[in-house]
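Written out below as structure tokens is the structure these notes cover.
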Amino acid sequence: MSATKLIVLSGPSGVGKSTVLRSLLARYPNQLRLSISATTRSPRPGETDGVDYYFLSPTEFTRRREAGEFLECCEVFGRGHWYGTPRSELTPSPNDPKWVILDIDVDGAAKVRRQIPNVPSIFLQPSSDAELERRLRSRGTESEEAIQRRLEVARRELSHAGEYTFQVVNDSVDRAVAEIATILTKLGAIPATNP
């Protein structure tokens, strides 16, 4: 695993991680790829196995977890579903020189750092607590109880921002992507000549 070109990206729910990642991957498709996580939850409409997630039965997930096939994994409390990063996603291939981005929560990131101490990590922060709450509410997909639970988790996650190599504020997607691109250029993940 030492040859793996790996970057950890974390941030609280509602910070805009998915939007920033989509933009980053679209700009640098030949240099970056997103690690695909495994989960025991069922696919949502439009999700594809092996593209969005590896959808596993609880039995298969347990078998793989006990066999040590995950770099990190956890059960998401309140939902009863497991999520994990398959080690196979990090296996360097001579035909795939891309750096792998792990989009994981702070607990998963801490587990990765224990195994790969010098892994570069980026924490994406909201411009303010009020903006984070506004983004969560604007989704219009969750109950008040779910929003409050996400805000509580977000506050806990924000308290771990200092454990990351880099911190980027997402006050504008373009600015956040540009700042992350600058970081990735310094790490050697993308060339300075890219747009």
Side-chain angles (χ1 to χ4, degrees), residues 1-39 43-44 46-55 70-72 83-113 115-127 131-132 135 139 157-158 160-195:
M1 187 154 3
S2 60
T4 302
K5 297 174 179 176
L6 187 64
I7 304 152
V8 170
L9 179 70
S10 300
S13 179
V15 78
K17 250 186 337 193
S18 296
T19 303
V20 167
L21 276 170
R22 269 194 305 275
S23 180
L24 198 60
L25 293 167
R27 289 184 194 188
Y28 305 102
N30 297 321
Q31 291 83 20
L32 305 171
R33 75 174 172 85
L34 187 61
S35 170
I36 301 170
S37 296
T39 183
R44 295 178 181 138
E47 288 184 329
T48 304
D49 184 53
V51 175
D52 299 289
Y53 286 94
Y54 297 111
F55 295 100
F70 293 112
L71 178 63
E72 58 82 31
Y83 290 83
T85 303
R87 290 182 185 276
S88 59
E89 283 292 298
L90 312 180
T91 305
S93 162
N95 301 326
D96 186 6
K98 296 177 184 178
W99 282 57
V100 178
I101 300 175
L102 292 184
D103 173 9
I104 53 178
D105 67 12
V106 296
D107 294 330
K111 290 174 184 174
V112 171
R113 279 195 303 272
Q115 295 175 69
I116 311 169
N118 295 322
V119 65
S121 56
I122 301 170
F123 190 87
L124 194 61
Q125 299 192 73
S127 55
E131 175 60 15
L132 184 66
R135 287 181 185 185
R139 292 177 173 178
E157 289 182 331
L158 286 164
H160 291 274
E163 298 167 11
Y164 287 72
T165 318
F166 306 98
Q167 297 171 35
V168 174
V169 174
N170 185 17
D171 51 4
S172 148
V173 171
D174 288 339
R175 197 202 60 71
V177 168
E179 188 173 342
I180 292 171
T182 298
I183 291 166
L184 296 179
T185 299
K186 288 177 185 173
L187 294 172
I190 59 175
T193 56
N194 266 8

To the nearest 0.5 Å, what is the distance between CD1 (I122) and CD (Q167)?
11.0 Å
Nearest-0.5 Å distance that lies between atom OG1 in T39 and atom OH in Y54:
13.5 Å
Salt bridge (Lys or Arg N to Asp or Glu O under 4.0 Å): which pairs involve residues 8-25, sequence neighbours left out?
K17-D103
All heavy atoms of A176 vs all of V20, minimum pair found to be CB-CG2, 4.3 Å
Thinking salt bridges, do D174 and R27 make one under a 4.0 Å N-O criterion?
yes
If the test is side chain to side chain contact (heavy atoms under 4.5 Å, CB included), which one of I101, T85, L71 qualifies with S35?
T85
Please list, chain by chain and in numerical order, all residues satisfying side-chain hydrogen bond (donor to acceptor under 3.5 Å, both in side chains) with Y83, sequence neighbours excluded.
R41
Under 3.5 Å, which donor-acceptor pairs do the side chains of residues 177-190 form with other protein atoms, sequence neighbours left out?
unit_1 : atom_1 : unit_2 : atom_2 : d
E179   : OE1    : R175   : NH1    : 2.6
T182   : OG1    : A178   : O      : 3.0
T185   : OG1    : A181   : O      : 2.9

Correct closest heavy-atom pair for E89 and V100 would be O-CG2, 3.9 Å
Between S121 and T165, is there a donor-acceptor pair closer than 3.5 Å when you use the side chain of the first and the backbone of the second?
yes
When rounded to the nearest 0.5 angstrom, what distance separates CG in L9 from OH in Y164?
8.5 Å
Taking all atoms of both residues into account, what is the closest heavy-atom pair of S127 and V169, and its distance?
CA-CG1, 3.8 Å
Which heavy atom in N170 sits nearest to a heavy atom in G16, and how many Å separate them?
ND2-CA, 3.8 Å
Between P43 and D52, is there a side-chain heavy-atom distance shorter than 4.5 Å?
no
With distance as the sole test, does S10 use its side chain to make a donor-acceptor pair with the main-chain N or O of I104 at under 3.5 Å?
yes
In terms of heavy-atom contacts, L32 and L24 come closest through CD1-CG, 3.9 Å
Test side-chain contact (heavy atoms from CB on, under 4.5 Å) on L6 and W99; report intermediate values, then the result.
CA-CA 6 Å; L6 187 64; W99 282 57; over 6 Å; no
What are the two closest non-hydrogen atoms of V106 and E157, and how far apart are they?
CG2-CG, 3.6 Å
